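To keep things clear, I will list the structure first and then write my remarks on it.
Keep in mind that this is a model prediction, so the values were computed, not measured. A note on names: the letters A, B, ... follow the listed sequences, proteins ahead of strands, and every chain is numbered from 1.
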Amino acid sequence: MRHDHVISAKDLSREGIEEVLDRAAEVAADPAAARGRQAGTLLGLCFFEPSTRTKMSFTAAMKRLGGDVVDMGSVESSSVTKGESLADTVRVVEGYADALVLRHPSEGSAKMASEYVDVPLINAGDGAGQHPTQTLLDLYTIRKSAGLDDLTIGVMGDLKYGRTVHSLAHALTNFDARQHFVSPESLQLPRSVRYDLHEAGASIREHTDLTEVLPELDVLYVTRIQRERFADETEYRAVAGEYQIDADTLAAARDDLTVMHPLPRVDEIAHDVDETDHATYFQQAHNGVPMRMALLDLLLGGDR
Amino acid sequence: MSDHELRVSKIRDGTVIDHIAAGQALNVLAILGIDADSGETVSVGMRVPSDRLGTKDIVKVEGRELSQDEVDVISLIAPAATINIVREFDVAEKHRVERPAEVAGVLSCPNRRCITTEDEPVESRFDVLDDGIRCQYCGTIVREGIADHIDVR
Ligand SMILES: [Zn+2]
């Protein structure tokens, strides 16, 4: 995948995914060996909406490879407010860096931007669209904790607007995964996502009640249900409350169940779960650094 | 000359779009960007008797040959249409529309959060599915009412 763009989890083949995950595992096993591999290389950060965590994770990854970052800064302080198009912005910034990371509120923005630049461009989130590096770190975490072969995964929460969920579901169609989607009816998978999953021959089932599937799961991936998806507070509390878990909920699960969450969480996973062996969400967040190191090194043609 | 061909006048140079599904003529005009303010001489036949289709619509545009992008989008709403290029009163070329693998321009994405709806230099681009079209940028699928998404130029 050298000198390629990383726009959508849909573009990732099984081989491409495994190449990144294998490299990430090597980096995690021996971080010192990766140090200096990208000395003198610059990564351009173009964040058109704030995402401090993602930006920190990319910055940490680049610096641990011995490279550095140049940051466009916040939108308020940059020329975007003067009405410059995204196409123009990325054509200017590509001259400052060896690869670009883009986060932008509009869906399809990363794909469009990639058509205007020659350096590798990584999509770090395009609105409700794609966020493939989150997907790669999710896959890395699943592989480490439960394995990607013969996987039974439950994904719970806001499946309608949750792009993390959509990307992960696409990527899992490359593996033998049985995917269960648990959500209130109003927040089920959108038609376009269901279409793609069927096209890819995925094994999916939809549920409104977690207890139907919890005992079979290897992985439970929880996402947040946002208050703004509901007309009023009462309805939100009633519905969202059905999709919160605590240590008692997990008593019905297998002992080796892995519980994941893209973070930040609010109350969908109770703090008493943190103390159990199921809790994997902090490790999941940490995995972003070796995975992004591996991805950047592959894109930038690092020699081993 | 058969009876129904008399209903609309012959043109000298231009395009006759024939065998349009009945009721779609105005959408074809919209695809071509033709409205009350356009300069072209245009004849429109609606619900004209047809051997092949029962009734059909027909559009004749003087002084204009269509672009491939326009023909591609016409194929989505009028899959049986034929395009006749007329030069000096004769049909110089005649071909049926073909459903393309993708369509560019002409249509706009209905997702208002899609980058192609913003002030960017990019043209809209849709993959053509068996039963609709899909934005190559944001993934939005349009199944019904494709004609509602014709970009007003
Ligand atoms: Zn779109």
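- Only the side chain of A:Glu115 comes within less than 4.5 Å of a heavy atom of chain B; its backbone N, CA, C and O stay farther away.
- Atom CZ of A:Arg205 has 12 or fewer heavy atoms from other residues, nucleotides or ligands within 6.0 Å.
- For the atom pair CZ of A:Arg191 and CD1 of B:Ile141, the computed distance is 6.5 Å after rounding to the nearest 0.5 Å.
- Across A:Ser106, A:Gly127, A:Ala110, the residue that shares the most heavy-atom pairs under 4.5 angstrom with chain B is A:Ser106.
- Of all residues spanning residues 120-139 of chain B, those with a heavy atom less than 4.5 Å away from chain A's heavy atoms are B:Glu120, B:Pro121, B:Val122, B:Leu129, B:Arg134, B:Gln136, B:Tyr137, B:Cys138, B:Gly139, arranged by number.
- Within a 6.0 Å sphere centred on CZ of B:Arg96, other residues, nucleotides and ligands contribute 12 heavy atoms or fewer.
- Sequence neighbours left out, the pairs with a member in residues 84-121 of chain A that pass ring pair (Phe, Tyr, Trp, His ring centres under 6.0 Å) are A:Phe48-A:His104.
- If you run side chain to side chain donor-acceptor pair (under 3.5 Å) between A:Glu107 and each of B:Thr140, B:Thr117, B:Asn111, only B:Asn111 comes through.
- Under the salt bridge (charged side-chain N to carboxylate O under 4.0 Å, His left out) criterion, A:Glu49 pairs with A:Arg103, not counting sequence neighbours.
- To the nearest 0.5 Å, atom OG1 of residue B:Thr116 and atom NZ of residue A:Lys111 are 11.5 Å apart.
- When the shell of 6.0 Å around CZ of A:Arg53 is examined, it contains 12 or fewer heavy atoms from other residues, nucleotides or ligands.
- Residues of residues 153-183 of chain A lying under 4.5 angstrom from chain B, judged on non-hydrogen atoms, do not exist here.
- When each of A:Gly129, A:Pro190, A:Ala128, A:Ser109 is checked for heavy-atom pairs under 4.5 Å with chain B, A:Ser109 comes out on top.
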